[in-house]
Amino acid sequence: MRRNKYFSLMVIVVTALSLTLAGCGSSTAGGDKGPIVVKFAHVTTPDSPKGMAANKFKELAEQKTNGKVKVEVYPSSQLYGDKEELEAVQSGNVQIIAPSVTKLVGMNPQFQYVDLPFLFPNNEAVYKFWESDVNKKLMNSLDKYNVMGLAMWPNGFKQFTNKVRPLVEPKDFNGIKFRTQAGKVLEAQFSALGAGSATIAFGETYAALQQGTVEGQENTFNNIDTQKYQEVQPYLTVSNHGRIDYMIIVNKSFWDGLPADIRKALDEAMAEATKYEIQQAEILDQKSMENLKNSGKMQFTVLNEAQLAAFQQAMQPVYTQFESVIGKDLIEAAKAASKK
Ligand code: LMR
């Protein structure tokens, strides 16, 4: 009886020990214990710029490390949604994620700069801002959450869609409820226009639009197209009023714990995947705009200069409201990057 008890205890201890070792081997050890597994989770489709570049990173990372690293890409919120992926990367349940920077607001509210209405006039200004010291500081501002920024990837400028009416002037927003990604700046933007808002995870937005939980949303041409919002949003306004851009973030202890040669190879893979992503984002932005126009499902309103000026004026209070939260130096750096 007693011997049996000891035997069972031994079995439990040995099993637990081997499970722990097997767990370590799958994500950190590499070498004899099999490849280092990097889980890369994101929320858009595989054919979005982010999806394509995540797959490109996988291909390059595996090639450059001669198979010592295996990258598993999980698109379309398959593994985690917006909120869960942020928790998962901190705890190391996933090693890399690529959230739109506004979703990092809970860790550092300065990331809401990206939502300031009409801050950037074109892609080049955004890319230039990313080279600034201010942005580099932002990318390294998340140490206490055990994550760090590896790269910036663009998606593009946001446009408004809704199912109520064409949005031509600020007053057209009155009473319509819009889905937002996260944060207070977007809430303030809509309230400056007399509209309501609710934060909804990307993976749940189509259903929320279909069911009428919200009547409108703002997103890039490519996200609208790949999420098929045209099926439930008959009106689109081309406004280019804000951005969706990503910060690729990695679990810091995982990254710091990698052998130096592996980290170098992954850095190179990330740099090449980033170049590819930038190209794809620009190509797919245009392509999706055409797809949406040709779908016959959406009425397009392209704002002219006077109409854009009316929106800029209506949204101006958002700057005064959030200047202290986002930081004057950051806003100045973004404006400096916008100058030719
Ligand atoms: C959104 O939530 O609308 C976007 O941030 C999704 C994405 O990752 O592009």
Side-chain angles (χ1 to χ4, degrees), residues 40-55 57 73-86 88-89 94 96-107 111-116 123 126 149-162 177-187 189-190 197-210 213-230 232-233 236 239-249 273-274 277-278 280-282 284-285 287-289 292:
F40 185 157
H42 68 88
V43 300
T44 60
T45 57
D47 57 349
S48 65
K50 176 160 63 180
M52 290 173 75
N55 291 340
F57 172 73
V73 180
Y74 298 92
S76 304
S77 310
Q78 212 175 75
L79 200 56
Y80 299 109
D82 289 346
K83 195 165 155 276
E84 297 77 20
E85 69 172 19
L86 287 172
V89 76
V94 64
I96 301 183
I97 62 168
S100 115
V101 294
T102 195
K103 290 178 186 164
L104 300 169
V105 52
M107 298 181 179
F111 280 108
Q112 292 176 104
Y113 77 85
V114 74
D115 299 324
L116 287 172
N123 290 334
V126 175
L150 283 183
M152 301 295 299
W153 289 0
N155 184 315
F157 282 95
K158 288 184 294 185
Q159 324 297 345
F160 293 114
T161 69
N162 86 107
K177 195 167 175 188
F178 287 81
R179 174 262 173 176
T180 60
Q181 298 176 78
K184 293 281 172 206
V185 171
L186 293 178
E187 196 182 309
Q189 167 192 269
F190 284 112
S197 63
T199 296
I200 296 172
F202 188 58
E204 289 157 29
T205 299
Y206 182 93
L209 292 167
Q210 187 179 40
T213 317
V214 284
E215 297 147 314
Q217 64 85 46
E218 46 167 18
N219 229 309
T220 59
F221 286 124
N222 187 259
N223 274 347
I224 296 169
D225 185 25
T226 49
Q227 295 298 308
K228 305 201 180 335
Y229 293 162
Q230 63 271 31
V232 287
Q233 299 275 272
L236 182 146
S239 53
N240 296 316
H241 63 281
R243 296 278 312 174
I244 295 217
D245 294 312
Y246 310 116
M247 191 161 107
I248 316 311
I249 60 181
T274 298
E277 205 273 353
I278 293 172
Q280 291 307 316
E282 292 181 7
L284 295 175
D285 190 53
K287 206 165 145 197
S288 286
M289 180 182 70
L292 295 172

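Atoms within each ligand, like the ligands themselves, are counted from 1 in listed order.
Under the 4.0 Å criterion applied to side-chain N and carboxylate O atoms, Glu215 and Lys177 are not assigned as salt-bridge partners. Residues Asp225 and Lys287 are not paired through a salt bridge, judged by the lack of any N-O separation under 4.0 Å between the basic side chain and the carboxylate.
Scanning the protein heavy atoms around atom 5 (O) of ligand 1, the nearest turns out to be Gln181 OE1, 2.6 Å. Among all protein heavy atoms, the one lying closest to atom 9 (O) of ligand 1 is Tyr246 OH, 2.5 Å.
The contact set between ligand 1 and Lys103, taken as ligand atoms under 4.0 Å from a residue heavy atom, comprises 1 (C), 2 (O), 4 (C), 5 (O), 6 (C). Within ligand 1, counting atoms from 1 as listed, the ones closer than 4.0 Å to a heavy atom of Asn223 are 4 (C), 6 (C), 7 (C), 9 (O). Near Thr44, the atoms of ligand 1 lying under 4.0 angstrom from a non-hydrogen atom of the residue are 7 (C), 8 (O), 9 (O). Proximity to Val43 (heavy-atom distance under 4.0 Å) selects the following atoms of ligand 1: 8 (O). Atoms of ligand 1 lying under 4.0 Å from any heavy atom of Lys50, numbered from 1 in the order shown and given with element: 7 (C), 8 (O). Within ligand 1, the atoms closer than 4.0 Å to a non-hydrogen atom of Ser100 are 5 (O), numbered from 1 in the order shown.
Atom CD of Glu204 is separated from atom OG1 of Thr199 by 11.5 Å, given to the nearest 0.5 angstrom. Thr161 contributes atom OG1, which lies 9.5 Å from atom CD of Glu218 (distance to the nearest 0.5 angstrom). Note that the CZ atom of Phe190 and the OG atom of Ser197 stand 7.0 Å from one another [nearest 0.5 Å].
For Thr205, no heavy-atom contact with ligand 1 is shorter than 4.0 Å. The side chain of Arg179, and not its backbone, has at least one atom closer than 4.0 Å to an atom of ligand 1 (non-hydrogen atoms only; side chain from C-beta on).
Taking all atoms of both residues into account, the shortest heavy-atom contact from Asp47 to Thr226 is OD1-CG2, 3.8 Å.
Relative ring orientation between Phe160 and Phe178 is described as perpendicular, the plane-to-plane angle rising above 60° on a 0-90° scale split at 30° and 60°.
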